[in-house]
Amino acid sequence: MFKTHTCGELRHTHAGHTVQLAGWVHRRRDHGGVIFIDLRDRFGLTQVVINPTHTSASDFKRSESIRNEFVLQIEGEVALRPEGMSNTKVATGAIEVMASKVTILNPAKTPPFMIDDDGDNVDEAMRLRYRYLDLRRERMSRNLNIRHRLIKFMRDYLDQRGFLEVETPILFKSTPEGAREYLVPSRVHPGEFYALPQSPQQLKQLLMVGGIERYFQIARCFRDEDQRADRQPEFTQLDMEMSFIDRDDILALVEGLLTQFCEDFAELHGRSLMFKPFLRLPFHEVMERYGRDKPDVRYGMELFDVSAATRGSEFLPFQVANVKGICVQGCAGYTRKQTDELTEFAKKAGAKGLVVLWHDADGVRKSGAGTKLSDAEKTAITAAAGSKAGDLILLVADDDRERANNALGELRHELGIRLKLGKPDQLAFLWVVDFPSFVRDSETGHWAANHHLFTAPKDEYLDNLEADPGAARSKQYDLVCNGYEVAGGSIRIHRRDVQERVMKILGLSMEEAYKKFGHMLDAFEYGAPPHGGIAPGVDRLAMLFAGAPNIREVIAFPKNQQAADVMLGVPSPAAEKQIKELHIRLA
RNA sequence: GGAGAUGUGGUGUAGCGGCCUAACAUGUCGCCCUGUCACGGCGAAGACCGCGGGUUCGAAUCCCGUCAUUUCCGCCA
């Protein structure tokens, strides 16, 4: 061992002990006659004093060449700091180590950016190119620690409840129903391919047929889709599946896990739960109130409906079936230019236009056609909006209610971000339940599974499933936090006949269905238990707990928006020999 | 596939038509310094402003293109 203690460990009680420390030079302060070094390892900082009174002349001479990020081993005696010299900002601030021996284990070039600077002020491309240096910074060390705590907590929590962790293969079967996949050519089977799993969905259901009953896995998933701040080509989910349970059992389990984690590790992330228990709303209500299936519910600004009050309005835009709006508090000072910009935004989000009302001391005012609004309408609007002087009211009118909801939902979301309405230290969890089973593909007009084709419709819709697919609600559930989808799952279909009916509605011929999912259909015939599951996203949860702006901050080696790793040079061309062996040819 | 933002010494920024022979902070290097902890003092080096083209008497600054990074839309069963 190079060290007897970590750099975060020594206290005044260690005074007089001879210790060995090893780590990196965080900062050095060379006073000519005496040199102070803040020695850093993952556990903290300890001040090392290199003084000729304690150190040999040759060691002192050599110590003058020490620079930041050199790797050192220090042997010395722990001493209480002189009277009035302790540093309360550091855990080890009461002591210092008087070096008797200084060993330079490895010198270091000057880093391209500062390690002792914890701010978010270095270009991310630079940080990723030198990720091994970035990881030394406190922010990354802290984020990875939070991630580790979360995963450890998940494992322990589920283990205590009888779950079995099972690994499923990474070399899997292509299932082109879902996201675009990463393909791996087979050397042994010319012209055939493995696919990396988008999720272990089918395998975990087969584990249920296999009698595992309670399964989980910290599962890596792969999707070859374009990146976002909360999306990486490979990401990690807490994949879970249970047999002989219903929806509420799963919700209670996950809610319990996350609630307890937040409470046990509050000191770690400084964030608190806003809702205990979590909010729970049906999908249609979420859309009516927030206009978005993953709303940030840390703030209100809910959609209101004035369709009844505007019926028969003289104001042309209001002569439609639905008039809904949001009230933006304190924004009556917005200029015409600003509201025009909001109108543009609303149009991009699908609205035909945006009616803007300024609620000021004299009442409700509107530029242009404002006079067409009757006093009764204005009163009804301010009542529904709950607005007061100083607020801005935004209204969207549309015969298509969904379109009005969506546009307002986008506006609400955008304004929530711009106005910083969500408090960063709060976590607002919301369960969204009772999703539609099927949605119509806007291009083909065909029915598509809202979640995936293994999701069970609620029992009361089974009789009319084929007659009216659009009316069916499913046993799907999503968990939303601060505007992010952090988990999704469902109770699954466990009977072959129901599964085949759903496949038929989705337009799969029985031949196709059997070719793609025959293993599932077969398995369901051998006593598949009722089962369901969920998959909380580990990266997104860690991001929220760490207060990070994107999931790259909680992933040690993330890829950039081009799905590349600039440090490693990934992806890279393959040798001709390899390509040949795989029986593929480049275009 | 589309839209926006950004790109200036090692790093982070300022400058946004002539005052730029490019400023500031920090880092780096040299000298000095035995109680600092974002140590301090003195001095020095370091960028032709992502790249290419254009407009102009004159471009870091305006325009076009391109590349890179990023955010969002599409996409993400």
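In what follows, every chain begins at residue 1, and chains take the letters A, B, ... in the order their sequences are listed. These values consider heavy atoms only, across backbone and side chains, with no hydrogens, waters or symmetry-generated copies.
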Measure the distance from [atom1] on [X] to [atom2] on [N] and round it to the nearest whole Å.
X: A:F70; N: B:rU28; atom1: CZ; atom2: C1'; answer: 13 Å
X: A:I35; N: B:rG40; atom1: CD1; atom2: P; answer: 17 Å
X: A:I50; N: B:rG35; atom1: CD1; atom2: C1'; answer: 14 Å
X: A:R28; N: B:rU34; atom1: CZ; atom2: P; answer: 16 Å
X: A:K348; N: B:rG2; atom1: NZ; atom2: C1'; answer: 10 Å
X: A:L133; N: B:rU11; atom1: CG; atom2: C1'; answer: 13 Å
X: A:D30; N: B:rC32; atom1: CG; atom2: C1'; answer: 10 Å
X: A:R129; N: B:rG50; atom1: CZ; atom2: C1'; answer: 12 Å

- [ ] Any pair with a residue in residues 79-94 of chain A that passes salt bridge (Lys or Arg N to Asp or Glu O under 4.0 Å), sequence neighbours left out, goes on the list, sorted by first then second residue, please.
- [x]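 Output for this query lists A:R81-A:E96.
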Open item on the list: For the base of B:rC39 and the side-chain ring of A:H31, does the geometry meet a stacking cutoff of under 5.5 Å between centres and under 30° between planes?
Closed with: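 Yes; centroid distance and tilt both under limits.
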Open item on the list: Please determine whether any donor N or O and acceptor N or O are separated by less than 3.5 Å between the side chain of A:R29 and the base of B:rC33.
Closed with: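 Answer no: no donor N or O sits under 3.5 Å from an acceptor.
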Could you check whether any side-chain N or O of [X] sits under 3.5 Å from a backbone N or O of [Y], counting only pairs where one atom can act as donor and the other as acceptor?
X: A:E241; Y: A:K204; answer: no
X: A:Q232; Y: A:Q561; answer: no
X: A:R496; Y: A:F524; answer: no
X: A:Q227; Y: A:N560; answer: no

Strand partner of [N], provided both Watson-Crick or wobble distances fall under 3.5 Å:
N: B:rA77; value: none
N: B:rC19; value: none
N: B:rU69; value: B:rA5
N: B:rG43; value: B:rC29
N: B:rC37; value: none

Open item on the list: Among residues at least two apart in sequence or on other chains, which ones pass ring-ring contact (aromatic ring centres under 6.0 Å, His included) with A:H17?
Closed with: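 Residues passing ring-ring contact (aromatic ring centres under 6.0 Å, His included) with A:H17: A:H14.
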TODO: Can you sort out the partners of A:H452 under ring-ring contact (aromatic ring centres under 6.0 Å, His included), two or more places apart, ordered by chain and number?
DONE: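 For A:H452 the ring-ring contact (aromatic ring centres under 6.0 Å, His included) partners, ignoring immediate neighbours, are A:F454.
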Just compare [options] and give me whichever is closest to any side-chain atom of [X].
X: A:N51; options: B:rA77, B:rU34, B:rC29; value: B:rU34
X: A:R81; options: B:rU69, B:rU36, B:rA77; value: B:rU36
X: A:T110; options: B:rU28, B:rU34, B:rC37; value: B:rU28
X: A:M85; options: B:rA77, B:rC37, B:rC33; value: B:rC37

Distances for protein N/O vs nucleotides 4-10 of chain B N/O pairs under 3.5 angstrom?
from   : atom 1 : to     : atom 2 : distance (Å)
B:rG10 : O2'    : A:P112 : O      : 3.0

Open item on the list: Regarding A:E124 and A:R131, does a basic nitrogen lie under 4.0 Å from an acidic carboxylate oxygen?
Closed with: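 Between A:R131 and A:E124 there is no salt bridge, as every charged N stays at least 4.0 Å from the carboxylate O atoms.
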- [ ] Would you mind classifying the nucleic acid contact of A:T455 as base, sugar-phosphate or nothing, using non-hydrogen atoms under 4.0 angstrom?
- [x]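 A:T455: no heavy atom of the nucleic acid under 4.0 Å.
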- [ ] Would you indicate what A:D123 reaches in the nucleic acid, counting non-hydrogen atoms under 4.0 angstrom: base, sugar-phosphate, or nothing?
- [x]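 Sugar-phosphate contact only.
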Open item on the list: Could you check whether atom NE2 of A:H12 has more than 12 heavy atoms from other residues, nucleotides or ligands sitting under 6.0 Å from it?
Closed with: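 Not buried by this count: 12 neighbours or fewer within 6.0 Å.
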Identify each atom pair where a protein N or O and an N or O of nucleotides 73-76 of chain B are less than 3.5 Å apart, giving names and distance.
from   : atom 1 : to     : atom 2 : distance (Å)
B:rC73 : OP2    : A:R228 : NE     : 3.0
B:rG74 : N7     : A:R228 : NH2    : 2.7
B:rG74 : O6     : A:R228 : NH1    : 3.0
B:rG74 : O6     : A:R228 : NH2    : 3.3
B:rG74 : N1     : A:D226 : OD2    : 2.8
B:rG74 : N2     : A:D226 : OD2    : 3.4
B:rC75 : O2'    : A:E225 : OE1    : 2.6
B:rC75 : O2'    : A:E225 : OE2    : 3.4
B:rC75 : O2     : A:R231 : NH2    : 2.9
B:rC75 : N3     : A:R231 : NH1    : 3.1
B:rC75 : N3     : A:R231 : NH2    : 2.8
B:rC75 : N4     : A:R228 : NH2    : 3.4
B:rC75 : N4     : A:R231 : NH1    : 3.2
B:rC76 : O2'    : A:R223 : NH1    : 3.4
B:rC76 : O2     : A:R231 : NH1    : 3.1
B:rC76 : N3     : A:R231 : NH1    : 3.2

Task: Heavy-atom pair with the smallest gap, counting every atom of A:G8 and A:D41 - done: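 Scanning both residues completely, I find the closest heavy atoms to be N-OD1, 4.3 Å.
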Task: Close approaches to RNA chain B from residues 547-571 of chain A, in residue order (heavy atom, under 4.0 Å) - done: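 Going residue by residue through residues 547-571 of chain A, the ones with a heavy atom under 4.0 Å of RNA chain B turn out to be A:R552, A:N560, A:Q561, A:Q562.
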